[in-house]
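Below: the structure, in structure tokens.
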Amino acid sequence: MFFAQDHGFMAHALRLAEKGLDTTTPNPRVGCVLVKDGRIVGEGWHERAGEPHAEIHALRAAGAQAQGAVAYVTLEPCSHHGRTPPCAAALIDAKVARVVAAMQDPNPLVAGNGLSMLELAGIPTACGLLEQEARRLNAGFISRMVRGRPWLRVKIAASLDGKTALNNGKSQWITGPSARHDVQALRARSCAMLTGVGTVLADDPQLTVREIETPRQPLRVVVDSRLQTPTGAKILHGGGTLIAAMAGVDSRKAEHLRAAGAEVLELPERDGHVDLAALLAELGRRGINEVTAEAGARLNGALLKAGLVDEIVLYLAPILMGDKARGLFDLPELAEMAGKRHLRVLDTRQVGQDLRLTLVPTETAA
């Protein structure tokens, strides 16, 4: 059961959780608000993995006023000893009067145990307030806990006629500076950036976070079945690069890339290329929550055909590039409209002179 004031305080807790958008990986983003007599007496958010959780920050801020307060938490308080002690126990020790959680923790180590611990201690709980907003905030963490792989976002910049590059491969710049700056925020929140060797050969991208302050750079992953990445490619600069190749590739090429600072990961083959599902499963095992792909039509199409795309962020520029230019996804030709792929629009907004659409395949939306 929820009360009228609960919604406002949980919304505030979600805003606090967003402050950890770029920093909490591999942990979830969590905010906590402690309220007593209708007034906030303590608040906090999880800032970095290994550091105190949101509840602990809020309890420290509230001090003695935590006793008898209502705790609003965007994720069920943890019940196990990880890098830090269980937050459910801390709330019990502080003698809070009630705990409201936006959603249950999908981590099997918690999964309802935190709320049960509180109930057994005589503290009433309620769960499910603004749950969809909380799930959206931690889509990557939930995906890794439930499916064993990261949430995959495909970012594309395109003209109004759906073209991503000229026929000769040139693509800089389709969108304006505001959209390109907006992309840096997507990179900053991502645990890994994914691209294909074709993009590396054509554009020589760095795929690093620039223009905005960030405490870390995402892992850069190149799908390169036959190890064609040049050892002088910019994506190898600064470390933190994983080359995903098919098992049994040329060992000399692999050693040259390792000498250039890359990790070469050999994966199973599927249809003559790297098994993309196996790659995402490996990234999940490494604690990667969110992956953003910035690639060409071939890899974008392969990811979509494999059912691995969870979200598409499409920046549409008010320009036309012509029929011969390259498209968004390399997909087979349809003979019937019944074969069309459906997407659901989550958000539409203008960024500078460009339009940003956030979409999900309908199977993901379901």
Side-chain angles (χ1 to χ4, degrees), residues 25-26 28 106-108 135-136 138-156 186-187 189-200 207 218-229 235 240-249 254 257 262-314 328-332 339-344 358-366:
T25 183
N107 186 341
R135 294 182 68 86
R136 178 73 181 160
N138 280 310
F141 178 75
I142 296 168
S143 176
R144 184 166 64 85
M145 289 293 118
V146 174
R147 304 186 298 181
R149 69 170 179 85
W151 179 267
L152 177 64
R153 174 189 304 112
V154 173
K155 168 262 164 184
I156 307 174
L186 282 183
R187 291 182 181 180
R189 68 175 290 171
S190 302
C191 308
M193 298 297 301
L194 177 67
T195 195
V197 67
T199 298
V200 172
L207 292 187
L219 174 70
R220 292 168 293 174
V221 182
V222 182
V223 178
D224 184 1
S225 297
R226 295 170 179 82
L227 296 184
Q228 297 174 283
T229 300
I235 203 164
T241 305
L242 176 68
I243 308 293
M246 289 192 302
V249 288
L257 286 167
E263 177 188 355
V264 177
L265 175 68
E266 295 188 29
L267 291 165
E269 173 268 346
R270 188 177 183 86
D271 299 326
H273 300 282
V274 167
D275 186 330
L276 297 172
L279 172 58
L280 287 183
E282 174 60 26
L283 293 178
R285 283 190 288 272
R286 295 180 181 215
I288 300 294
N289 288 337
E290 288 187 22
V291 175
T292 296
E294 292 189 28
R298 183 175 298 176
L299 181 54
N300 288 344
L303 290 166
L304 195 63
K305 283 183 283 188
L308 299 173
V309 176
D310 296 309
E311 179 181 316
I312 299 168
V313 178
L314 175 62
L328 304 173
F329 295 93
D330 184 0
L331 295 171
K340 62 184 180 292
R341 294 175 182 268
H342 293 268
L343 304 171
R344 182 163 67 88
T358 302
L359 314 102
V360 293
T362 51
E363 55 269 28
T364 300

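- Rounded to the nearest 0.5 angstrom, Thr241 OG1 and Arg220 CZ are separated by 3.5 Å.
- Put simply, the side chain of Leu219 does not reach to within 4.5 Å of the side chain of Cys191, judged on heavy atoms.
- For the pair Asp310/Arg149, a side-chain contact is recorded, criterion being any heavy-atom separation below 4.5 Å from C-beta on.
- Between Val154 and Leu304 the shortest side-chain heavy-atom distance does not fall below 4.5 Å.
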Requested in this report: Please report the C-alpha distance between Leu314 and Leu328 in whole Å, then the side-chain angles of each, then the deciding distance to 0.1 Å, and finally whether the side-chain contact (heavy atoms from CB on, under 4.5 Å) criterion is met.
Outcome: CA-CA 10 Å; Leu314 175 62; Leu328 304 173; 4.2 Å; yes
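- In this structure, the side chains of Ile235 and Thr195 come closer than 4.5 Å at one or more pairs of heavy atoms.
- For the pair Leu186/Glu294, no side-chain contact is recorded, criterion being any heavy-atom separation below 4.5 Å from C-beta on.
- Heavy-atom minimum distance, Val146 versus Pro106: CG2-CB, 4.1 Å.
- Nearest heavy atom pair, residue Phe329 against residue Gly301, reads CD2-N, 3.8 Å.
- The heavy-atom pair separating Pro150 from Gly284 by the smallest distance is CD-N, 3.8 Å.
- Taken to the nearest 0.5 Å, the CD atom of Glu290 stands 8.5 Å off from the CG atom of Asn138.
- Residues Leu152 and Val291 meet the side-chain proximity criterion, which asks for heavy atoms closer than 4.5 Å.
- Just one of Leu279, Val222, Thr292, Thr199 meets the side chain to side chain contact (heavy atoms under 4.5 Å, CB included) condition when paired with Leu194; it is Leu279.
- For the atom pair CD of Glu282 and CG of Leu280, the computed distance is 10.5 Å after rounding to the nearest 0.5 Å.
- A distance of 13.0 Å separates CZ of Arg344 from CD1 of Ile312, quoted to the nearest 0.5 Å.
- Proximity of a side-chain donor or acceptor of Ser225 to a complementary backbone N or O of Val274 within less than 3.5 Å is detected.
- Taken from OG1 in Thr229 to CG in Asp224, the straight-line distance is 3.5 Å, to the nearest 0.5 Å.
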Query - Leu207 and Arg187: CA distance, side-chain angles, deciding distance, side-chain contact (heavy atoms from CB on, under 4.5 Å) verdict - result: CA-CA 8 Å; Leu207 292 187; Arg187 291 182 181 180; 3.7 Å; yes
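- Residue-environment remark: CZ (Arg270) stays at or below the threshold of 12 foreign heavy atoms within 6.0 Å.
- Looking at Lys305 and Asp271, no side-chain N of the basic residue comes within less than 4.0 Å of a carboxylate O on the acidic one, giving no salt bridge.
- The two residues Gly140 and Trp151 make their nearest non-hydrogen contact at CA-CB, 3.6 Å.
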Query raised in the report: Do Glu311 and Thr358 pass the side-chain contact (heavy atoms from CB on, under 4.5 Å) test, and can you show the C-alpha distance, the side-chain angles, and the key distance before you say yes or no?
Result: CA-CA 7 Å; Glu311 179 181 316; Thr358 302; 3.8 Å; yes
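- Formation of a donor-acceptor pair under 3.5 Å by the Asn289 side chain with backbone atoms of Pro26 is found in this model.
- In this structure, the side chains of Leu242 and Leu283 come closer than 4.5 Å at one or more pairs of heavy atoms.
- Side-chain contact check for Leu303 versus Leu276: some heavy-atom pair is nearer than 4.5 Å.
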Report task. Evaluate the side-chain contact (heavy atoms from CB on, under 4.5 Å) criterion for residues Arg153 and Arg189: first the C-alpha distance (whole Å), next the side-chain angles of each, then the deciding distance (0.1 Å), finally the verdict. Result -> CA-CA 11 Å; Arg153 174 189 304 112; Arg189 68 175 290 171; 3.5 Å; yes
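- Here His273 contributes atom NE2 and Met246 contributes atom CE; the two are 8.0 Å apart, rounded to the nearest 0.5 Å.
- Minimum interatomic distance between Leu299 and Gly196 (heavy atoms only, all atoms of both residues): CD2-N, 3.6 Å.
- Asp275 places a side-chain N or O within 3.5 Å of a backbone atom of Ala278 that can act as its donor or acceptor partner.
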